[in-house]
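Below: the structure, in structure tokens.
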Amino acid sequence: MGFGKGYGKVILFNEHFVVHGVPAIASAIGLTTDAEVVRHSGKGIELIDNRKGTKGYSKEKMEHQKEALRRVMDYLGFDVEKNPIRITLGGNLPTFSGIGASAANLVAIVRALNDEFKLGLSDEEVNNAAYEGEKAFAGTPSGIDNTAATFGGLIWFKRGEKNIIERLQIKKPVEIVMGNTGVVANTKEVVAGVRERKEKYPEKYNKIFKEAEELVYEAREALLKYDLKRVGELMNENHKQLQAIEVDGKELNFLVELARDNGALGAKLTGGGVGGCMVALTPGKELQEKVASAMEKEGFQALRTVVG
Ligand code: MEV
């Protein structure tokens, strides 16, 4: 029996922009998807999904998941007809959209496979294999989700011929709340939509992309200085930029407003957008609790965690 884990993540700045080479900042969160791989006597891959989360998520994503596993196995040159396996997924990372559940699950599976079949994969190779699988979920993924899922920590990420990945060290971890709209989003379609609009309205989109690029350098400085007030303001700005490229949604905007009204230093959508999750910066347990319970009172699920 082989085991593996992959971290969930939150994107603090520049989802979507990152697909087109603009730097972004993401952090792993302290919740993981766990995978167990056993050899069995059946055929191919049998998948048992015990993850908890948004209703309908696993069903909605089943086709993407099957394609992702095919891609990962092809990439690794792993023949599941010769080596039939049963994969069981669990762990404490909920299957919300926007929380990196697809990348975490792929990293966990590759690690479990590595463990059971002694494939000798390095972290780098695990990350690359998960990236191949991510294509099934996100079309043209930037690689930020699988990188956070593999390595953990707070990271600066820039997609390129060779991705730039830097670990950012901040003074101490800071509390956040992730609010779940409960809407399962199709990341692949949302990413493709941005690309289409960017091609159709180059002037408008290039301007927003440039602003997002400037913003993320400032956000990096603010994080390193631990100027959380400024980090929050920049998150609010980033949310506006994401609205301008039309990846927001009614429930997301509602939760973002609610978090700010309850004292969050900043709030924005996180991940693929449209549905899925938002993130609020809520330093200190008290503020975190206030914002999270305000969301719960409105009937939404709220995750209390830290970044950094
Ligand atoms: C999804 O978590 C983040 C996106 O930027 C897609 C990607 O970077 O692959 C929307």
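The basis for the numbers below is simple: all heavy atoms, side chains too, and nothing from hydrogens, waters or symmetry mates. All ligand and atom numbering here is 1-based and tracks the order in the structure.
The pair R111-D123 meets the salt-bridge criterion, with a side-chain N (NZ, NE, NH1 or NH2) lying under 4.0 Å from an Asp/Glu carboxylate O. A salt bridge links E15 with K268: the closest approach of a Lys/Arg side-chain nitrogen to an acidic carboxylate oxygen falls below 4.0 angstrom.
Contacts with ligand 1 closer than 4.0 Å are made by side-chain heavy atoms of K9 only, the backbone lying farther away. Residue-level proximity to ligand 1 for V190 is absent, since no heavy atom of it falls below 4.0 angstrom.
Set against the non-hydrogen atoms of I144, the atoms of ligand 1 under 4.0 Å away are 8 (O). For ligand 1 and V18, the ligand atoms under 4.0 Å from any heavy atom of the residue are 5 (O), 8 (O). Within the listing of ligand 1, atoms 9 (O) sit less than 4.0 angstrom from a heavy atom of P141. In the vicinity of I11, heavy-atom distances shorter than 4.0 Å reach the ligand 1 atoms 2 (O), 3 (C). Ligand 1 places these atoms under 4.0 Å from at least one heavy atom of E15: 5 (O).
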* **Verdict with reasoning, K229 to E233, per salt bridge (charged side-chain N to carboxylate O under 4.0 Å, His left out)** => CA-CA 6 Å; K229 187 165 166 285; E233 286 166 1; 3.4 Å; yes

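Considering both main-chain and side-chain atoms, H16 comes within under 3.5 Å of ligand 1 through a nitrogen or oxygen pair. Considering backbone and side-chain atoms together, T140 places no N or O closer than 3.5 Å to any N or O of ligand 1.
In this structure, R39 satisfies the cation-pi test against F117, with its NZ or CZ atom closer than 6.0 Å to the six-membered ring centre and inside 45 degrees of the ring normal. The cationic atom of R220 (NZ for Lys, CZ for Arg) lies less than 6.0 Å from the six-membered ring centre of W156 and within 45° of the ring axis.
Applying the ring-ring contact (aromatic ring centres under 6.0 Å, His included) rule to Y226 yields no partners; only residues at least two apart in sequence or on another chain are considered.
Between V191, L242, D145, it is D145 that holds the heavy atom closest to atom 1 (C) of ligand 1.
Of the protein's non-hydrogen atoms, the one nearest atom 8 (O) of ligand 1 is S142 OG, 2.6 Å. The single protein non-hydrogen atom nearest to atom 6 (C) of ligand 1 is V19 CG2, 3.8 Å, given as residue, atom name and distance.
Pairing each heavy atom of Y57 with each of A101, the nearest pair is OH-CB, 3.6 Å. Across every non-hydrogen atom of R260 and N236, the tightest pair is NE-OD1, 2.8 Å.
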